[in-house]
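Note that the structure is predicted; figures quoted are calculated from it, not measured.
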Amino acid sequence: MKKRVLAAFMAVMMIGTILTGCGSGGNDSAGSGSGEQSQSSESTDDAAQSSEDSSAAEADAAADSGETAEIVFAYMTQNNIPEAADLQRIEDLINAYTVEKINTKVDLVLFSNADYMNQVNLMLASGEQIDIFQAYGTSHLPYIQDGTALDITGYLDNELKETKETIYDGFLKPTTVDGKVYGILNMGSNYVPGGFTYRSDIAEELGIDMSKVSSPQDLEEVFATVKEAYPDMIVIDPNRANALFETYLGKIACIDPLGGDITSAFSGVAYQDDPTVVNMFETQDFIDLCNLTHSWYEKGYFASDAATTTATTAELLMSGNCFGTFCGLGNPKIAAQYTTNYGHSFDNVQISESLVWAGSNNAWMVNSSCKNPSAACKFMNLLYTDAYLDNLLVYGEEGVDYVLNEEGFAVAPEGYTDLNSVAYTDNMNYYFWGNKWITYPVPGGLNAEEAEKQMALNYAGKLSNYYGFLFDFSDLQAEYTACQNIANEYKKALWVGAVDVEQTLGELNERLYAAGMDKLIESKQAQFDEWLSQQ
(Lines give C-alpha, C1' and ligand atoms only; values in the text may rest on other atoms or scores of the structure.)
Protein backbone atom coordinates (compact mmCIF):
# COMPACT_ATOMS: atom_id res chain seq x y z
CA MET A 1 0.00 0.00 0.00
CA LYS A 2 1.29 3.43 -0.91
CA LYS A 3 1.61 5.47 2.26
CA ARG A 4 0.82 8.79 0.62
CA VAL A 5 -2.41 7.77 -1.03
CA LEU A 6 -3.46 5.87 2.09
CA ALA A 7 -3.04 9.05 4.12
CA ALA A 8 -5.01 11.07 1.57
CA PHE A 9 -7.65 8.35 1.42
CA MET A 10 -8.08 8.27 5.17
CA ALA A 11 -8.41 12.05 5.25
CA VAL A 12 -11.29 11.87 2.80
CA MET A 13 -12.79 8.86 4.55
CA MET A 14 -13.11 10.87 7.74
CA ILE A 15 -16.06 12.57 6.06
CA GLY A 16 -17.50 9.77 3.99
CA THR A 17 -17.08 6.71 1.86
CA ILE A 18 -15.48 6.29 -1.51
CA LEU A 19 -17.40 5.42 -4.65
CA THR A 20 -15.45 2.96 -6.76
CA GLY A 21 -16.12 2.48 -10.45
CA CYS A 22 -17.73 -0.43 -12.25
CA GLY A 23 -15.06 -1.20 -14.76
CA SER A 24 -14.87 -3.38 -17.74
CA GLY A 25 -12.46 -2.64 -20.37
CA GLY A 26 -11.76 0.83 -21.36
CA ASN A 27 -15.04 2.31 -19.38
CA ASP A 28 -12.94 2.51 -16.11
CA SER A 29 -9.69 2.69 -18.11
CA ALA A 30 -7.07 1.12 -15.90
CA GLY A 31 -9.69 -1.32 -14.98
CA SER A 32 -9.09 -4.22 -17.29
CA GLY A 33 -6.01 -2.63 -18.69
CA SER A 34 -6.26 -3.17 -22.39
CA GLY A 35 -3.64 -1.56 -24.60
CA GLU A 36 -3.91 -0.46 -28.21
CA GLN A 37 -0.49 -0.13 -29.60
CA SER A 38 3.06 -1.30 -29.12
CA GLN A 39 6.28 0.11 -27.83
CA SER A 40 8.12 1.91 -30.54
CA SER A 41 9.19 5.51 -30.96
CA GLU A 42 10.77 7.37 -33.81
CA SER A 43 14.06 8.88 -32.81
CA THR A 44 13.93 12.61 -32.15
CA ASP A 45 16.20 14.94 -34.03
CA ASP A 46 19.06 15.95 -31.73
CA ALA A 47 18.91 19.62 -32.67
CA ALA A 48 15.16 19.84 -32.19
CA GLN A 49 15.44 18.05 -28.86
CA SER A 50 18.18 20.41 -27.76
CA SER A 51 16.03 23.41 -28.65
CA GLU A 52 13.05 21.94 -26.81
CA ASP A 53 15.15 21.25 -23.71
CA SER A 54 16.56 24.77 -23.84
CA SER A 55 13.10 26.36 -24.07
CA ALA A 56 11.84 24.22 -21.21
CA ALA A 57 14.84 25.15 -19.11
CA GLU A 58 14.26 28.86 -19.75
CA ALA A 59 10.60 28.56 -18.82
CA ASP A 60 11.40 26.61 -15.68
CA ALA A 61 14.01 29.19 -14.73
CA ALA A 62 11.38 31.92 -15.12
CA ALA A 63 9.02 29.98 -12.90
CA ASP A 64 11.75 29.56 -10.29
CA SER A 65 12.26 33.33 -10.30
CA GLY A 66 8.91 33.76 -8.59
CA GLU A 67 6.86 34.76 -11.63
CA THR A 68 3.40 33.14 -11.59
CA ALA A 69 3.12 30.56 -14.36
CA GLU A 70 -0.01 30.21 -16.50
CA ILE A 71 -1.10 26.90 -18.01
CA VAL A 72 -4.10 25.54 -19.93
CA PHE A 73 -5.74 22.35 -18.69
CA ALA A 74 -8.12 20.64 -21.14
CA TYR A 75 -10.53 18.16 -19.58
CA MET A 76 -13.90 16.61 -20.38
CA THR A 77 -17.37 15.98 -18.97
CA GLN A 78 -20.23 13.52 -19.41
CA ASN A 79 -22.44 15.96 -17.55
CA ASN A 80 -23.85 19.17 -18.98
CA ILE A 81 -21.36 21.82 -20.03
CA PRO A 82 -21.73 24.59 -17.40
CA GLU A 83 -22.43 28.21 -18.21
CA ALA A 84 -19.30 30.29 -18.80
CA ALA A 85 -19.82 32.16 -15.53
CA ASP A 86 -19.98 28.93 -13.54
CA LEU A 87 -16.89 27.48 -15.18
CA GLN A 88 -15.12 30.76 -14.42
CA ARG A 89 -16.27 30.50 -10.81
CA ILE A 90 -14.60 27.10 -10.48
CA GLU A 91 -11.50 28.33 -12.27
CA ASP A 92 -11.22 31.26 -9.84
CA LEU A 93 -11.48 28.91 -6.86
CA ILE A 94 -8.81 26.66 -8.32
CA ASN A 95 -6.49 29.57 -9.02
CA ALA A 96 -6.91 30.99 -5.54
CA TYR A 97 -5.59 27.64 -4.38
CA THR A 98 -2.93 26.84 -6.99
CA VAL A 99 -1.29 30.26 -6.99
CA GLU A 100 -0.62 29.88 -3.30
CA LYS A 101 0.31 26.21 -3.50
CA ILE A 102 2.38 25.98 -6.72
CA ASN A 103 2.48 29.60 -7.97
CA THR A 104 0.48 28.67 -11.06
CA LYS A 105 -2.72 29.94 -12.65
CA VAL A 106 -4.83 27.47 -14.59
CA ASP A 107 -7.08 28.18 -17.55
CA LEU A 108 -9.81 25.50 -17.62
CA VAL A 109 -10.90 24.34 -21.07
CA LEU A 110 -13.85 21.96 -20.86
CA PHE A 111 -15.34 19.86 -23.65
CA SER A 112 -17.93 17.10 -23.72
CA ASN A 113 -16.60 13.56 -23.72
CA ALA A 114 -17.89 13.14 -27.29
CA ASP A 115 -16.07 16.24 -28.60
CA TYR A 116 -12.96 16.08 -26.43
CA MET A 117 -10.37 14.43 -28.68
CA ASN A 118 -11.48 16.30 -31.81
CA GLN A 119 -11.19 19.63 -30.00
CA VAL A 120 -7.87 18.74 -28.37
CA ASN A 121 -6.39 17.67 -31.70
CA LEU A 122 -7.58 20.91 -33.29
CA MET A 123 -5.92 22.92 -30.52
CA LEU A 124 -2.69 20.96 -30.91
CA ALA A 125 -2.70 21.32 -34.70
CA SER A 126 -3.41 25.05 -34.62
CA GLY A 127 -0.70 25.81 -32.09
CA GLU A 128 -3.27 27.15 -29.60
CA GLN A 129 -2.01 26.93 -26.03
CA ILE A 130 -2.86 23.61 -24.42
CA ASP A 131 -0.48 22.38 -21.75
CA ILE A 132 -2.10 19.30 -20.20
CA PHE A 133 -4.37 16.96 -22.15
CA GLN A 134 -5.49 13.35 -22.14
CA ALA A 135 -5.47 10.71 -24.87
CA TYR A 136 -9.09 10.03 -24.01
CA GLY A 137 -10.32 6.72 -25.44
CA THR A 138 -7.39 6.56 -27.83
CA SER A 139 -3.75 5.50 -27.81
CA HIS A 140 -1.16 7.90 -26.43
CA LEU A 141 1.56 6.35 -28.58
CA PRO A 142 1.05 8.60 -31.64
CA TYR A 143 1.46 11.68 -29.43
CA ILE A 144 4.76 10.26 -28.20
CA GLN A 145 5.95 9.34 -31.67
CA ASP A 146 5.22 12.69 -33.30
CA GLY A 147 6.84 14.65 -30.48
CA THR A 148 3.64 16.15 -29.08
CA ALA A 149 4.02 14.53 -25.66
CA LEU A 150 6.76 15.91 -23.44
CA ASP A 151 9.33 13.58 -21.92
CA ILE A 152 8.52 14.05 -18.22
CA THR A 153 11.17 11.68 -16.90
CA GLY A 154 13.20 14.53 -15.43
CA TYR A 155 10.20 15.79 -13.44
CA LEU A 156 9.28 12.48 -11.77
CA ASP A 157 11.57 12.93 -8.78
CA ASN A 158 10.68 16.57 -8.17
CA GLU A 159 7.46 18.12 -9.49
CA LEU A 160 5.79 14.70 -9.79
CA LYS A 161 7.43 13.07 -6.78
CA GLU A 162 4.19 12.66 -4.79
CA THR A 163 2.40 11.22 -7.81
CA LYS A 164 5.21 8.74 -8.40
CA GLU A 165 4.79 7.59 -4.79
CA THR A 166 1.00 7.36 -5.16
CA ILE A 167 0.30 5.54 -8.41
CA TYR A 168 -0.15 1.79 -8.73
CA ASP A 169 2.99 -0.34 -9.05
CA GLY A 170 4.18 -0.57 -12.65
CA PHE A 171 1.77 2.19 -13.65
CA LEU A 172 4.38 4.07 -15.71
CA LYS A 173 5.21 1.12 -17.96
CA PRO A 174 2.45 1.77 -20.52
CA THR A 175 3.64 5.35 -21.00
CA THR A 176 7.34 4.54 -21.14
CA VAL A 177 9.11 4.34 -24.51
CA ASP A 178 12.84 3.73 -24.85
CA GLY A 179 13.27 4.29 -21.13
CA LYS A 180 11.55 7.69 -21.15
CA VAL A 181 8.20 8.47 -19.52
CA TYR A 182 5.75 10.57 -21.52
CA GLY A 183 2.56 10.53 -19.46
CA ILE A 184 0.56 9.03 -16.60
CA LEU A 185 -2.60 6.95 -16.87
CA ASN A 186 -5.64 8.01 -14.88
CA MET A 187 -6.04 5.94 -11.72
CA GLY A 188 -9.26 4.08 -12.30
CA SER A 189 -9.96 0.54 -11.15
CA ASN A 190 -6.90 -1.69 -11.22
CA TYR A 191 -8.82 -4.65 -9.82
CA VAL A 192 -11.87 -5.68 -11.82
CA PRO A 193 -13.12 -9.26 -11.41
CA GLY A 194 -15.74 -10.39 -13.89
CA GLY A 195 -19.27 -10.50 -12.59
CA PHE A 196 -22.96 -10.82 -13.29
CA THR A 197 -25.45 -8.41 -11.72
CA TYR A 198 -28.89 -9.98 -11.38
CA ARG A 199 -32.39 -9.53 -9.98
CA SER A 200 -31.97 -10.95 -6.48
CA ASP A 201 -35.73 -10.85 -5.82
CA ILE A 202 -36.32 -13.20 -8.75
CA ALA A 203 -33.48 -15.50 -7.73
CA GLU A 204 -34.92 -15.69 -4.21
CA GLU A 205 -38.45 -16.26 -5.49
CA LEU A 206 -37.30 -19.15 -7.67
CA GLY A 207 -35.02 -20.66 -5.03
CA ILE A 208 -31.88 -20.18 -7.11
CA ASP A 209 -28.68 -20.63 -5.09
CA MET A 210 -26.30 -18.10 -6.64
CA SER A 211 -23.52 -19.17 -4.27
CA LYS A 212 -23.00 -22.14 -6.60
CA VAL A 213 -22.09 -19.81 -9.47
CA SER A 214 -18.38 -19.19 -9.99
CA SER A 215 -18.02 -19.28 -13.78
CA PRO A 216 -20.00 -18.24 -16.88
CA GLN A 217 -20.96 -21.88 -17.51
CA ASP A 218 -22.52 -22.09 -14.04
CA LEU A 219 -25.07 -19.49 -15.14
CA GLU A 220 -26.66 -21.93 -17.62
CA GLU A 221 -28.90 -23.53 -15.00
CA VAL A 222 -29.78 -20.11 -13.55
CA PHE A 223 -30.86 -18.78 -16.95
CA ALA A 224 -32.91 -21.90 -17.69
CA THR A 225 -34.79 -21.59 -14.41
CA VAL A 226 -35.59 -17.91 -14.98
CA LYS A 227 -36.69 -18.51 -18.58
CA GLU A 228 -39.03 -21.31 -17.54
CA ALA A 229 -40.68 -19.13 -14.89
CA TYR A 230 -40.70 -15.94 -16.98
CA PRO A 231 -40.83 -16.99 -20.65
CA ASP A 232 -41.21 -13.41 -21.91
CA MET A 233 -38.37 -11.98 -19.84
CA ILE A 234 -35.05 -10.90 -21.38
CA VAL A 235 -32.69 -13.00 -19.30
CA ILE A 236 -29.40 -11.38 -20.40
CA ASP A 237 -28.86 -7.69 -21.19
CA PRO A 238 -27.31 -7.66 -24.70
CA ASN A 239 -25.56 -4.31 -24.25
CA ARG A 240 -22.91 -5.76 -21.96
CA ALA A 241 -22.43 -9.13 -23.59
CA ASN A 242 -18.99 -7.77 -24.47
CA ALA A 243 -18.20 -7.78 -20.73
CA LEU A 244 -18.66 -11.57 -20.75
CA PHE A 245 -16.14 -11.85 -23.59
CA GLU A 246 -13.70 -9.60 -21.75
CA THR A 247 -14.10 -11.67 -18.59
CA TYR A 248 -13.78 -15.04 -20.24
CA LEU A 249 -10.99 -14.29 -22.69
CA GLY A 250 -8.91 -11.89 -20.62
CA LYS A 251 -9.42 -13.17 -17.07
CA ILE A 252 -10.29 -16.86 -17.35
CA ALA A 253 -8.41 -17.91 -20.50
CA CYS A 254 -5.76 -15.30 -19.56
CA ILE A 255 -5.29 -13.88 -23.03
CA ASP A 256 -3.55 -10.53 -23.45
CA PRO A 257 -4.74 -8.54 -26.49
CA LEU A 258 -1.33 -6.87 -26.81
CA GLY A 259 -3.17 -3.89 -28.17
CA GLY A 260 -6.77 -3.14 -29.03
CA ASP A 261 -9.93 -4.47 -27.46
CA ILE A 262 -9.79 -7.95 -25.94
CA THR A 263 -13.34 -8.59 -27.14
CA SER A 264 -12.36 -8.13 -30.81
CA ALA A 265 -8.57 -8.18 -30.93
CA PHE A 266 -7.99 -8.39 -34.68
CA SER A 267 -4.23 -7.69 -34.58
CA GLY A 268 -3.29 -10.81 -32.60
CA VAL A 269 -3.17 -11.93 -28.98
CA ALA A 270 -0.91 -14.00 -26.71
CA TYR A 271 -1.62 -16.38 -23.85
CA GLN A 272 0.14 -15.79 -20.52
CA ASP A 273 2.12 -19.01 -20.83
CA ASP A 274 3.02 -18.65 -24.53
CA PRO A 275 4.40 -15.43 -26.13
CA THR A 276 3.32 -16.51 -29.61
CA VAL A 277 1.02 -13.98 -31.25
CA VAL A 278 -2.03 -15.75 -32.68
CA ASN A 279 -5.33 -14.87 -34.32
CA MET A 280 -7.81 -14.72 -31.46
CA PHE A 281 -10.74 -15.59 -33.71
CA GLU A 282 -9.12 -18.97 -34.41
CA THR A 283 -8.42 -19.88 -30.77
CA GLN A 284 -10.49 -22.63 -29.20
CA ASP A 285 -11.38 -20.34 -26.30
CA PHE A 286 -13.00 -17.78 -28.59
CA ILE A 287 -14.82 -20.47 -30.57
CA ASP A 288 -16.09 -22.14 -27.38
CA LEU A 289 -17.35 -18.86 -25.99
CA CYS A 290 -19.16 -18.00 -29.22
CA ASN A 291 -20.78 -21.45 -29.15
CA LEU A 292 -21.88 -20.83 -25.56
CA THR A 293 -23.55 -17.48 -26.32
CA HIS A 294 -25.10 -18.95 -29.50
CA SER A 295 -26.69 -21.71 -27.41
CA TRP A 296 -28.02 -19.05 -25.03
CA TYR A 297 -29.47 -17.11 -27.94
CA GLU A 298 -31.21 -20.19 -29.34
CA LYS A 299 -32.71 -20.90 -25.91
CA GLY A 300 -34.15 -17.39 -25.76
CA TYR A 301 -31.95 -16.00 -22.99
CA PHE A 302 -31.11 -13.10 -25.28
CA ALA A 303 -33.98 -11.31 -27.05
CA SER A 304 -34.41 -12.09 -30.74
CA ASP A 305 -33.34 -8.50 -31.60
CA ALA A 306 -30.33 -8.58 -29.26
CA ALA A 307 -27.85 -7.69 -32.02
CA THR A 308 -29.77 -4.61 -33.17
CA THR A 309 -31.79 -3.30 -30.21
CA THR A 310 -31.29 0.32 -29.18
CA ALA A 311 -32.71 -0.20 -25.68
CA THR A 312 -30.05 0.71 -23.12
CA THR A 313 -29.02 -1.29 -20.07
CA ALA A 314 -30.70 1.28 -17.83
CA GLU A 315 -33.94 1.08 -19.80
CA LEU A 316 -34.00 -2.70 -19.75
CA LEU A 317 -33.26 -3.01 -16.04
CA MET A 318 -35.67 -0.25 -15.10
CA SER A 319 -38.45 -1.92 -17.11
CA GLY A 320 -38.39 -4.93 -14.80
CA ASN A 321 -38.26 -7.28 -17.77
CA CYS A 322 -34.53 -8.06 -17.71
CA PHE A 323 -32.96 -10.51 -15.28
CA GLY A 324 -29.36 -9.33 -15.34
CA THR A 325 -26.26 -8.00 -17.03
CA PHE A 326 -22.59 -8.94 -17.24
CA CYS A 327 -20.38 -6.34 -15.59
CA GLY A 328 -16.90 -5.82 -14.25
CA LEU A 329 -16.92 -5.61 -10.46
CA GLY A 330 -14.51 -2.71 -10.05
CA ASN A 331 -17.30 -1.41 -7.85
CA PRO A 332 -18.43 -4.40 -5.75
CA LYS A 333 -21.56 -2.47 -4.73
CA ILE A 334 -22.78 -1.72 -8.23
CA ALA A 335 -25.82 -3.86 -7.45
CA ALA A 336 -26.78 -1.55 -4.59
CA GLN A 337 -26.69 1.38 -6.99
CA TYR A 338 -28.83 -0.52 -9.48
CA THR A 339 -31.31 -1.25 -6.72
CA THR A 340 -31.53 2.46 -5.93
CA ASN A 341 -31.60 3.63 -9.55
CA TYR A 342 -33.84 1.04 -11.20
CA GLY A 343 -36.45 0.23 -8.57
CA HIS A 344 -35.78 -3.50 -8.28
CA SER A 345 -33.58 -5.60 -6.01
CA PHE A 346 -30.16 -6.53 -7.47
CA ASP A 347 -27.10 -8.44 -6.31
CA ASN A 348 -23.72 -9.46 -7.81
CA VAL A 349 -22.02 -12.78 -8.34
CA GLN A 350 -18.32 -13.01 -9.23
CA ILE A 351 -17.41 -15.25 -12.17
CA SER A 352 -13.67 -14.61 -12.56
CA GLU A 353 -10.62 -13.17 -10.88
CA SER A 354 -8.98 -9.96 -12.11
CA LEU A 355 -6.11 -9.61 -14.59
CA VAL A 356 -4.78 -6.26 -15.81
CA TRP A 357 -3.24 -6.02 -19.24
CA ALA A 358 -1.42 -2.90 -20.39
CA GLY A 359 -3.58 0.04 -21.35
CA SER A 360 -2.43 2.55 -23.93
CA ASN A 361 -5.46 4.80 -23.57
CA ASN A 362 -6.35 7.72 -21.30
CA ALA A 363 -2.84 8.88 -20.38
CA TRP A 364 -2.46 12.45 -19.23
CA MET A 365 0.38 14.21 -21.04
CA VAL A 366 2.14 17.56 -21.06
CA ASN A 367 2.38 19.23 -24.45
CA SER A 368 6.00 19.43 -25.60
CA SER A 369 5.39 23.05 -26.66
CA CYS A 370 4.35 23.96 -23.11
CA LYS A 371 6.13 27.15 -22.03
CA ASN A 372 6.07 26.17 -18.34
CA PRO A 373 6.52 22.39 -18.16
CA SER A 374 7.56 22.50 -14.52
CA ALA A 375 4.32 24.29 -13.62
CA ALA A 376 2.31 21.87 -15.75
CA CYS A 377 3.88 18.90 -13.97
CA LYS A 378 3.21 20.49 -10.58
CA PHE A 379 -0.45 20.85 -11.51
CA MET A 380 -0.59 17.29 -12.83
CA ASN A 381 0.87 16.20 -9.51
CA LEU A 382 -2.06 17.82 -7.71
CA LEU A 383 -4.50 15.88 -9.89
CA TYR A 384 -3.20 12.64 -8.38
CA THR A 385 -2.57 13.75 -4.82
CA ASP A 386 -4.70 16.73 -3.80
CA ALA A 387 -8.24 15.97 -2.63
CA TYR A 388 -9.33 19.62 -2.56
CA LEU A 389 -8.42 20.20 -6.19
CA ASP A 390 -9.90 16.90 -7.39
CA ASN A 391 -13.19 17.54 -5.65
CA LEU A 392 -13.39 21.05 -7.09
CA LEU A 393 -13.09 19.57 -10.56
CA VAL A 394 -15.50 16.71 -9.85
CA TYR A 395 -18.22 18.34 -7.74
CA GLY A 396 -17.64 22.06 -8.00
CA GLU A 397 -17.98 24.49 -5.11
CA GLU A 398 -19.07 23.13 -1.76
CA GLY A 399 -22.29 24.73 -0.55
CA VAL A 400 -23.17 25.86 -4.07
CA ASP A 401 -22.85 22.82 -6.34
CA TYR A 402 -22.87 20.15 -3.64
CA VAL A 403 -23.02 19.66 0.10
CA LEU A 404 -21.84 16.86 2.36
CA ASN A 405 -24.71 15.21 4.21
CA GLU A 406 -24.54 13.85 7.76
CA GLU A 407 -23.02 10.61 6.50
CA GLY A 408 -20.32 12.45 4.56
CA PHE A 409 -21.75 11.81 1.09
CA ALA A 410 -21.64 14.44 -1.65
CA VAL A 411 -25.25 15.30 -2.51
CA ALA A 412 -27.11 18.10 -4.27
CA PRO A 413 -27.83 21.26 -2.25
CA GLU A 414 -31.39 22.08 -1.23
CA GLY A 415 -33.46 23.10 -4.22
CA TYR A 416 -31.82 20.68 -6.66
CA THR A 417 -33.06 17.21 -7.52
CA ASP A 418 -29.63 15.58 -7.83
CA LEU A 419 -25.97 16.31 -8.53
CA ASN A 420 -26.60 16.31 -12.28
CA SER A 421 -28.96 19.29 -12.02
CA VAL A 422 -26.60 21.78 -10.32
CA ALA A 423 -24.76 24.64 -12.03
CA TYR A 424 -21.41 22.84 -12.18
CA THR A 425 -20.65 19.17 -11.80
CA ASP A 426 -18.40 16.62 -13.47
CA ASN A 427 -19.31 13.78 -11.13
CA MET A 428 -19.83 11.24 -13.92
CA ASN A 429 -16.14 11.60 -14.84
CA TYR A 430 -14.75 11.33 -11.33
CA TYR A 431 -12.25 8.63 -12.31
CA PHE A 432 -11.09 10.11 -15.63
CA TRP A 433 -8.34 12.31 -14.27
CA GLY A 434 -5.98 11.97 -11.40
CA ASN A 435 -6.81 9.65 -8.56
CA LYS A 436 -10.35 8.45 -7.91
CA TRP A 437 -9.46 7.40 -4.36
CA ILE A 438 -9.31 11.00 -3.13
CA THR A 439 -12.72 12.15 -4.37
CA TYR A 440 -15.67 12.47 -2.01
CA PRO A 441 -18.14 9.58 -1.72
CA VAL A 442 -21.68 9.60 -3.07
CA PRO A 443 -24.68 7.67 -1.70
CA GLY A 444 -24.51 4.00 -2.58
CA GLY A 445 -20.73 3.84 -2.38
CA LEU A 446 -18.56 1.82 -0.04
CA ASN A 447 -18.21 2.43 3.67
CA ALA A 448 -14.78 3.23 5.08
CA GLU A 449 -13.81 -0.37 5.81
CA GLU A 450 -15.05 -1.62 2.43
CA ALA A 451 -13.36 1.19 0.54
CA GLU A 452 -10.01 0.71 2.24
CA LYS A 453 -10.16 -3.00 1.43
CA GLN A 454 -11.06 -2.26 -2.18
CA MET A 455 -8.23 0.22 -2.53
CA ALA A 456 -5.78 -2.38 -1.22
CA LEU A 457 -7.05 -4.83 -3.85
CA ASN A 458 -6.43 -2.22 -6.53
CA TYR A 459 -2.84 -1.68 -5.44
CA ALA A 460 -2.31 -5.45 -5.46
CA GLY A 461 -4.05 -5.97 -8.80
CA LYS A 462 -2.49 -8.82 -10.78
CA LEU A 463 -0.72 -7.63 -13.93
CA SER A 464 -0.36 -9.52 -17.17
CA ASN A 465 3.07 -10.94 -17.90
CA TYR A 466 3.10 -8.58 -20.84
CA TYR A 467 2.01 -5.44 -19.01
CA GLY A 468 3.73 -2.45 -20.57
CA PHE A 469 3.89 -3.67 -24.17
CA LEU A 470 2.56 -1.18 -26.73
CA PHE A 471 1.85 -2.13 -30.34
CA ASP A 472 2.88 0.37 -33.00
CA PHE A 473 0.82 -0.15 -36.14
CA SER A 474 1.65 3.22 -37.72
CA ASP A 475 3.31 1.53 -40.71
CA LEU A 476 0.21 -0.61 -41.22
CA GLN A 477 -2.48 2.00 -40.64
CA ALA A 478 -4.52 0.99 -43.70
CA GLU A 479 -4.53 -2.68 -42.72
CA TYR A 480 -5.34 -1.84 -39.10
CA THR A 481 -8.28 0.37 -40.03
CA ALA A 482 -9.63 -2.14 -42.56
CA CYS A 483 -9.47 -5.02 -40.08
CA GLN A 484 -10.99 -2.87 -37.34
CA ASN A 485 -13.96 -2.02 -39.56
CA ILE A 486 -14.46 -5.66 -40.50
CA ALA A 487 -14.32 -6.87 -36.89
CA ASN A 488 -16.79 -4.18 -35.87
CA GLU A 489 -19.33 -5.58 -38.35
CA TYR A 490 -19.41 -8.96 -36.62
CA LYS A 491 -18.61 -8.42 -32.97
CA LYS A 492 -22.01 -7.71 -31.41
CA ALA A 493 -23.74 -10.49 -33.33
CA LEU A 494 -21.09 -12.91 -32.05
CA TRP A 495 -21.30 -11.55 -28.50
CA VAL A 496 -25.04 -12.19 -28.27
CA GLY A 497 -24.88 -15.45 -30.22
CA ALA A 498 -27.21 -14.29 -32.99
CA VAL A 499 -25.30 -15.97 -35.84
CA ASP A 500 -24.03 -19.40 -36.82
CA VAL A 501 -20.58 -19.62 -35.25
CA GLU A 502 -18.68 -21.78 -37.74
CA GLN A 503 -20.00 -19.97 -40.80
CA THR A 504 -19.57 -16.49 -39.34
CA LEU A 505 -16.05 -17.04 -38.03
CA GLY A 506 -15.04 -18.57 -41.34
CA GLU A 507 -16.29 -15.52 -43.21
CA LEU A 508 -14.78 -13.13 -40.66
CA ASN A 509 -11.33 -14.71 -40.79
CA GLU A 510 -11.35 -14.87 -44.57
CA ARG A 511 -12.08 -11.16 -44.80
CA LEU A 512 -9.56 -10.25 -42.10
CA TYR A 513 -6.72 -12.14 -43.77
CA ALA A 514 -7.64 -10.57 -47.12
CA ALA A 515 -7.44 -7.14 -45.44
CA GLY A 516 -3.95 -7.77 -44.05
CA MET A 517 -4.42 -9.26 -40.60
CA ASP A 518 -1.45 -11.55 -41.17
CA LYS A 519 0.77 -8.48 -41.63
CA LEU A 520 -0.48 -7.03 -38.34
CA ILE A 521 0.21 -10.27 -36.50
CA GLU A 522 3.67 -10.56 -38.04
CA SER A 523 4.53 -6.97 -37.12
CA LYS A 524 3.20 -7.38 -33.59
CA GLN A 525 5.19 -10.57 -33.08
CA ALA A 526 8.43 -8.86 -34.17
CA GLN A 527 7.81 -5.90 -31.84
CA PHE A 528 6.73 -8.22 -29.04
CA ASP A 529 9.87 -10.35 -29.36
CA GLU A 530 12.03 -7.24 -29.18
CA TRP A 531 10.13 -5.98 -26.13
CA LEU A 532 10.46 -9.33 -24.37
CA SER A 533 14.21 -9.38 -24.99
CA GLN A 534 14.51 -6.10 -23.07
CA GLN A 535 12.58 -7.22 -19.99
Side-chain angles (χ1 to χ4, degrees), residues 4 48-76 84 87-111 119-120 123-135 140 143-144 147-167 175 180-184 186 363-394 397 426 433-435 438:
R4 185 173 299 279
Q49 183 65 51
S50 176
S51 174
E52 178 184 308
D53 291 344
S54 176
S55 298
E58 291 174 4
D60 290 346
D64 290 341
S65 70
E67 181 180 346
T68 299
E70 297 186 11
I71 64 170
V72 174
F73 171 57
Y75 68 122
M76 76 294 290
L87 183 59
Q88 185 63 53
R89 171 169 56 87
I90 302 305
E91 181 179 303
D92 290 343
L93 288 169
I94 287 175
N95 285 332
Y97 184 69
T98 57
V99 168
E100 180 178 350
K101 193 166 184 74
I102 58 172
N103 198 26
T104 298
K105 286 186 176 181
V106 182
D107 181 11
L108 298 181
V109 178
L110 180 62
F111 302 114
Q119 293 298 325
V120 164
M123 292 179 72
L124 291 169
S126 69
E128 185 176 353
Q129 184 180 356
I130 177 173
D131 298 303
I132 302 177
F133 67 97
Q134 186 180 41
H140 48 257
Y143 298 97
I144 297 173
T148 300
L150 180 72
D151 172 11
I152 60 172
T153 311
Y155 298 96
L156 290 173
D157 292 328
N158 296 291
E159 290 86 348
L160 289 162
K161 182 176 183 293
E162 293 173 313
T163 294
K164 185 179 177 183
E165 296 171 350
T166 295
I167 55 179
T175 53
K180 298 178 180 179
V181 179
Y182 291 89
I184 305 174
N186 59 296
W364 285 103
M365 293 170 282
V366 175
N367 189 352
S368 60
S369 65
C370 175
K371 295 180 179 179
N372 294 286
S374 175
C377 287
K378 287 177 182 177
F379 182 75
M380 186 184 290
N381 185 64
L382 295 182
L383 293 177
Y384 290 83
T385 61
D386 194 290
Y388 176 74
L389 176 66
D390 263 22
N391 284 295
L392 265 177
L393 288 167
V394 172
E397 181 179 1
D426 204 350
W433 61 84
N435 177 1
I438 56 177

### Summary
Sorted by chain and residue number, the side chain to side chain donor-acceptor pair (under 3.5 Å) partners of N95 (sequence neighbours excluded) come out as none
### Message
Between T98 (side chain only) and T104 (backbone N and O only), is there a donor and an acceptor less than 3.5 Å apart?
### Response
yes
#### Entry: Pair V394-W433, side chain to side chain contact (heavy atoms under 4.5 Å, CB included): steps then yes or no
CA-CA 9 Å; V394 172; W433 61 84; 3.7 Å; yes
### Query
Residues two or more places apart in sequence or in another chain: which of them pass side-chain contact (heavy atoms from CB on, under 4.5 Å) with A135?
T138, H140, Y143, M365
### Message
Tell me every residue that passes side-chain contact (heavy atoms from CB on, under 4.5 Å) with L392, counting only those two or more places apart in sequence or in another chain.
### Response
L93, I94, Y388
### Query
Which residues pass the side-chain contact (heavy atoms from CB on, under 4.5 Å) test with E70, sequence neighbours left out?
K105
### Task
Tell me yes or no: between the side chains of D386 and Y97, is some donor less than 3.5 Å from an acceptor?
yes
### Task
Return the set of residues passing side chain to side chain donor-acceptor pair (under 3.5 Å) with T148 (not counting sequence neighbours), or none when no residue passes.
D146
### Query
Do the side chain of E91 and the main chain of L108 share a donor and acceptor less than 3.5 angstrom apart?
yes
### Message
Working to the nearest 0.5 angstrom, can you tell me the gap between T163 OG1 and M380 CE?
### Response
8.5 Å
### Query
Mind checking whether N372 and D131 have side chains closer than 4.5 Å, heavy atoms only?
no
#### Entry: Q119: side-chain contact (heavy atoms from CB on, under 4.5 Å) partners, not counting sequence neighbours
F111, D115, L122
